[in-house]
Structures are given as structure tokens and as C-alpha cells.
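Order of the sequence lines fixes the chain letters, A, B, ..., with proteins taken first and strands second; residue numbering starts at 1 for each chain.
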Number of protein chains: 2
Amino acid sequence: MKNHITLKELAKQLDLSVSTVSKALNDSPEISSLTKKRVKELADIHEYFPNSFAQGLKFKKTRTLGVIVPAILSNFFSMVLDGIEEKASQLGYKVIICISKESIQKEKQAVEMLIRSQVDGILISPSKETQATLKTDHLNLPKKFDIPIVMFDRLIEGIEADKISINDTLEAELATMELINSGCKQVCYFSGISNTSVNENRIEGYTKVVTQNDFEPKILEVNCDNFPVAELKKLLKNKQLDGIITSDELTTILTARNILGCGYTIPHEVSLIGFTNGKMGETFIPSLTSIDQKAKEQGELAVSTMVDRIEGILPPEPVSFILKAQIIQRDSTRKFGIKDDAFV
Amino acid sequence: MKNHITLKELAKQLDLSVSTVSKALNDSPEISSLTKKRVKELADIHEYFPNSFAQGLKFKKTRTLGVIVPAILSNFFSMVLDGIEEKASQLGYKVIICISKESIQKEKQAVEMLIRSQVDGILISPSKETQATLKTDHLNLPKKFDIPIVMFDRLIEGIEADKISINDTLEAELATMELINSGCKQVCYFSGISNTSVNENRIEGYTKVVTQNDFEPKILEVNCDNFPVAELKKLLKNKQLDGIITSDELTTILTARNILGCGYTIPHEVSLIGFTNGKMGETFIPSLTSIDQKAKEQGELAVSTMVDRIEGILPPEPVSFILKAQIIQRDSTRKFGIKDDAFV
DNA sequence: TATATTTACGTAATCGATTGCATTATTAAA
DNA sequence: TTTAATAATGCAATCGATTACGTAAATATA
């Protein structure tokens, strides 16, 4: 076989013109049903399918979406990608995935590559560097070429894009309240994702609730390669910490591990709620109460929104969807109203 | 801007023919350096880059690779993908990712889609279903269109493809020996990835070593949604189990969790070595001795092999690369020669 | 029978870039 | 000054599919 069979080749074998063959395959009313049948049969035999370059050249549509994520070795983004791939393949779209590694430079290259590849749309969750520096020129590039953007999870104001996220401020409030209601007096926020919009929104929500409860907000920055054990120990020793909200799966696990490592118990001495509900938290001992950020749903919604945008179903101005997250109760928090829960 | 600027447009503005402009941009010796300069300057101003469909139509090359993996919510495959993406973007290739969800049906659709998309090559780790049924017609399709295949991790005999993997048989042998050397008498193999070549190879290696040591091989199939706790309990109670090799990250964690849940200690009563070295095992308490399958390296090597194949650097017959895995010593195994290691 | 309609198909342009083969302009050799 | 050689550019075909438009044959209407 070697090469894909072309319309020209089919036409020659059928002693018809290329245009007739094309019309027959596309069920044009101009073509007699007999001819259609002949053409389709031969096409089937040769497993004909249209050359996508030729079609792309004609229609300027690729049915391909570009996706840019900061990382793939993250439960959250893996789940988003899972949702994206599933929905896209359902809707007949291909997906080109790029990983920015939190670098604005790589992100820019990815954007340019995707534009060059003529993707029909770009789904992006910007890198930390982009969110920190707010250098967003490269994110304005796609719309110059009429390529729509959907941003998810991490959002940036002032970019013309549809937006999918959860309400991080609200969810942080709810998580903080949850801890306070379960008896915590000194709730801290441990962040491993500084310089993201997501993080700032959560700090806002967290801060609001703790200050309402007369507690000075305390935020610890966690570098996952180098956990600040000393500071944690000090807080624990001085009894300045009995509840923690953590920003992401890895930070959650590291925090939990170090609390246990310091000889304190979870949830009795320290309660913990972590953003991102993944296998790691679920299988940790004790299992960790987590905030399900609806990662897969965000991915699916990002794709379906993008496809609606491409197909012109959406109004011209950008739309925003905010999904409701959910606290998954497990064993790193004490149950509301129960003084001292048994260790399960 | 709206639309990409074309050669025709540049030609009009420069009052040159399209072919001259094209040749100038491609540094043809036919074109005077003055004209080249003029052309390139205008092209820069308008941020010209060639339309990839038109080029694809001409050259039949897309600089795009297709990747099919059984899952993305798996530390192993995430790491492979990370390696694939990184190496591909280094070499100037795009990557379309498809997820088969262990289904032969989805895998077939993915293959067809990738062929239709005219990718330059396909990287695949086949689904369980494909490996179990050995229905591999769809995997012979790409070579009919001269699209090369690189298989990684899970391999299938009789398919014309370059192959990247570790030596699972050997690594299972080594892991089993490691447990036996550390004092285990009854080493079992817990598998969560039945019906894969990888699994069978490991069983072979495991079986060889335990039978050499006069122990009847014992293999437990683990369904990650429904861990066989009762059977585990029975084995533990009857003292038929003091060492376990596990097949993948999730199985490892679930096994560890359930051993602890049953009231036994790790590594004192049961030692554990798990395939795949990921964050989950690293952060578990106790941290888990793991086999680093060189996931990222497999991904990188798969890409560079594919690119060599595409560029005609490799000999016509398929090549195989076998990477050496590595046991990462942690706290779920007793140290060799030390009777009873302190719990860290 | 002459004209109008319909049916069925072919011609040729188009999308954008590349390239072998003219063709013209310029310079060098005779 | 005429011819030969070289340099610089344009023409036109090509890749494969689509589609507006043109044309021939078959049927319907007057």
C-alpha cells in the first residue's frame, strides 16, 4: 500500500473526474446514486480517507486543540489532562500537549508552536512565572490569529479568554471554617504553589476566615525539595499550630509526613485539609481529608467550552464557568461535634 | 492581523514573484543577497512562517509524533510522557497524546486517527486487552503507510517496531533475591497489571528465584478498586508471607496500607519492594523500597530512537534497547546483613 | 418539433509553499 | 561589437481536496 490513496487515483480507476469522486464521497445531490455506490465501494476497498493537509489547506480547520500545562507529574494536572483527552476524543478532536515546566520561556515557545501548527484552539493553565511577572504578551498572540483560548484553574485577568475554575477563595474559606468548627484554634496555610492566582485567592479566603476568628494569619511557604522542618517544629512546639490547609497534593503529603515525623498525631494534635484529592492522600495513613478540585471536570468543561467557542455557539464576549469543589472527609480531620474521634 | 501572512502577500508587497520570495527565504543561491535581505526583513516584520498544511502537502512530513498510552493517571506513564514531551520538544517535534484506557477498541481508534493525521511516527505501550488477546491487526496498520512504530515498556512480539524497555525478568529476579537476602523466606508477588508482557516477565523472574529457594511461588491478583484484604489476612495469619514484590505504584501503596491496617509491621514482619519509583512510595510511612523503572529515560529514548528511525539513521531491521532499572533502598526492606533495623 | 428543465458530470480555480525549467538582464570573453 | 557565460528572476506544475460554474444529455413542457 505504502501511500494513501488519493481522489485522483480513485478517479482514474473509476474513469471519472476528481470532482465527481469528491462529490460522491461527500454525498452531493448532484451525483447519481449509482455513481455514489461505485465510488464508495472502491473507496472502501482502498481504505480511502481524505488527506488532512489538503483539507486543512482548504478549510483552515485542523480539529486539533493545543494544551499547555505547567506540569504533568502532578495529580491535579494529570487528571485535568485525562478529562481533556477523553472529551476531545469524544468530540473528534486531537490534542497536542505541551508542558511549560512553570517557565514563561517554554510557555511562549509552546504558544508559538501551536499557532504554527494551526490548532483550532488553545487550552492553557499558565506557568507560575507568567502569573508572577504578568508578562502576558505571548498569551495575546493567539487571538491575533483568531485562535481562541480557554484558561483553566490558574486565571489571568485582562486576557481575552474563556475561563474555567473553581472558586478558590470560597473553597479556602470553607476549608478553614471546617477546621475551626472541628475545634482548631490555630489554622495555618502551607503553600507549595506561590505565585499563582489560585494561591492568592486561597490566601484571601483563608485570611478572611481566620481574622474573623481572631487569629493572625500564618502562611508557610513550602519548597517541595526542601521542606521547612525547623519552622514546622517550632510552630508545633510553641503550640501555635493545630490545623493546616495545604495547597497541593505534594505539600499535603510532605506536611503530613513531617508532622508525624516530629512525633505529633493527626488529626488529634494537628488537623489537615489538603487541596487536590488524589490517590496519595487517599492512601496515606491516616487517609487525608481533601478538597476535590474537580480536575477531570475542569478538563472536560474546558474542551466542551472550547468546541462551543470554535463552532460559534458562544456569545462573542468571554464566558466564565466556576465549578463547585467538594471537601472529601477522611481521617486527617476530627469530625464536627465529636470531641475526640477514634483513630481508624 | 487575523490571518497568517502568505508568500503571495509578501510577493505582492515586494513586487516579486512568489517563487523568488520562497527561494529567498530558503536561502537559495539563485537569489541575490540584496533581494534576500529585503524579503527577510519584510517577512520578519509580518512574522511570516510557512503554512504547515501547505508544507505538509508538499513534504509529507509533519514533525508530529503520536503517542498512545494505556493511562495517564499512573505515575509510571506520566513520567514516560514527561520524558517524551521534553525530548520531542527539544528535537522540534510536536506530540499528540492518546489514552487507550486499556481498551483495544480505543487503541485502534487512536491508531487510525494518528494515521489520518499523518504523524511521522507512533510511540505506543499497548493496552492490557491488546496484550491479552494478541489481536494486533491495528498495530500492523501504520507500517502499511510507512509510519514507524516504537513500542515501550509493554512489548509485543511479531510486530515490526523498535523496542524500548527494561529487563523485567531480570529486575524481578534481583528484587526477589534482595528480599531473600534480607531474610525473607516467603516472598509473594502481588500483581495489579495482569495480562501484560511486563507482568509475565516479572512472574517468570520471580518464579525462578523463589523455586530455586524451595518456595512455591505465590501470586495474588490485585484489583485496585477492590483489594483482596481477606486473602492477605489469611496469608499473614498463617505465616505464609513475609516478603512481597508488587507490580505497580498503586498496588504497592494499597498493599502496604492493608498490611499496616491488618496490624502487621513493615519491614519487620513483612518486607516490600514495589515496581515504579514515585512520590507515593517515597512519601509513604515507612518510605517504600522501590524499583526505578527509568520511566522518563524510556520516554526520552523512545523519542530519540523514533527520530533516528524517521531520519533514516537506523538500520532497516528493528532495534531494541534495554535500560537497566535500579532498586531504590528505603524503609520497607530490612538492610542486608542487619538483623533488625531501627524504625526510621 | 422546438424550447425549457432537470440531471449528472467535468473544468478549472483555489488553498500556500516548493522547485524544475524557462526567460531576461548583466557581465565576461572572443 | 558580437557571442558566450553567468546571475537573478518569473512561470507553471505539483501536492490533494473542494466547489462555483459550465456543459452535455435526458426528460418535460409548450
- Task: With heavy atoms under 4.0 Å as the rule, sort B:K58 into base, sugar-phosphate or nothing.
- Result: base

- Could you tell me from which nucleotide to which nucleotide of DNA chain C, 5' to 3', there is an atom under 4.0 Å from chain B heavy atoms? C:dC15 to C:dC21

- Whole-Å distance between D:dA13 P and A:K8 NZ? 12 Å

- Item | Contact residues, residues 21-34 of chain A to DNA chain C [heavy atom, < 4.0 Å] | A:K23, A:E30, A:I31, A:S32

- Item | Nearest-Å distance for atom pair CG/C1', residues B:L7 and D:dC11 | 15 Å

- Query: With a non-hydrogen cut-off below 4.0 angstrom, is A:F53 in contact with a base, only sugar-phosphate, or nothing?
  - Reply: nothing

- Task: Please state how far atom CD in A:E9 lies from atom P in D:dA17, giving the value in whole angstrom units.
- Result: 11 Å

- Message: For the backbone of B:K128 and the side chain of B:E102, can you confirm whether one donor and one acceptor N or O come within less than 3.5 Å of each other?
- Response: yes

- Donor-acceptor pair between B:E9 and B:H46 side chains, under 3.5 angstrom: no

- Is a side-chain donor or acceptor of B:S28 paired with a backbone partner of B:A24 at a separation under 3.5 angstrom? no

- Message: Could you work out, with salt bridge (charged side-chain N to carboxylate O under 4.0 Å, His left out) as the rule, every residue matching B:D153, not counting sequence neighbours?
- Response: none

- Message: Please check this pair: side chain of B:S52 against backbone of A:R116, looking for a donor-acceptor N/O pair closer than 3.5 Å.
- Response: yes

- A:S117 (side chain) donor-acceptor with A:V119 (main chain) under 3.5 angstrom: no

- Carboxylate-amine/guanidinium contact B:K296 B:E86, below 4.0 Å: yes

- Message: Nearest heavy atom decides the nucleotide; on that basis, is B:S19 or A:F59 closer to the 5' end of DNA chain D?
- Response: B:S19

- Note on the structure: Taken in chain and number order and not counting sequence neighbours, the residues that satisfy salt bridge (charged side-chain N to carboxylate O under 4.0 Å, His left out) with B:D120 are none

- Bend of the helix from C:dT1-D:dA30 to C:dA30-D:dT1 from end-axis comparison, five pairs per end, nearest 10°, comes to 70°

Show me, pair by pair, the donor-acceptor contacts under 3.5 angstrom made by side chains of residues 306-314 of chain A, not counting sequence neighbours?
unit_1, atom_1, unit_2, atom_2, d
A:R309, NE, A:D162, OD2, 2.8
A:R309, NH1, A:P315, O, 2.7
A:R309, NH2, A:D162, OD1, 2.8
A:R309, NH2, A:D162, OD2, 3.3
A:R309, NH2, A:P315, O, 3.3
A:R309, NH2, A:E317, O, 3.4

- Just say parallel, tilted or perpendicular for the rings of B:F53 and A:F53, cut-offs at 30° and 60°. tilted

- Message: Considering every strand and a 4.0 Å limit on heavy-atom distances, what is the contact class for A:T6: base, sugar-phosphate, or nothing?
- Response: sugar-phosphate

- Which of these passes side chain to side chain donor-acceptor pair (under 3.5 Å) with A:S197: A:Q131, A:E157, A:R154? A:Q131

- Message: Quick check: on DNA chain D, is the nucleotide nearest B:A54 upstream (toward 5') of the one nearest B:K36, or the reverse? Name the residue that is more 5'.
- Response: B:K36

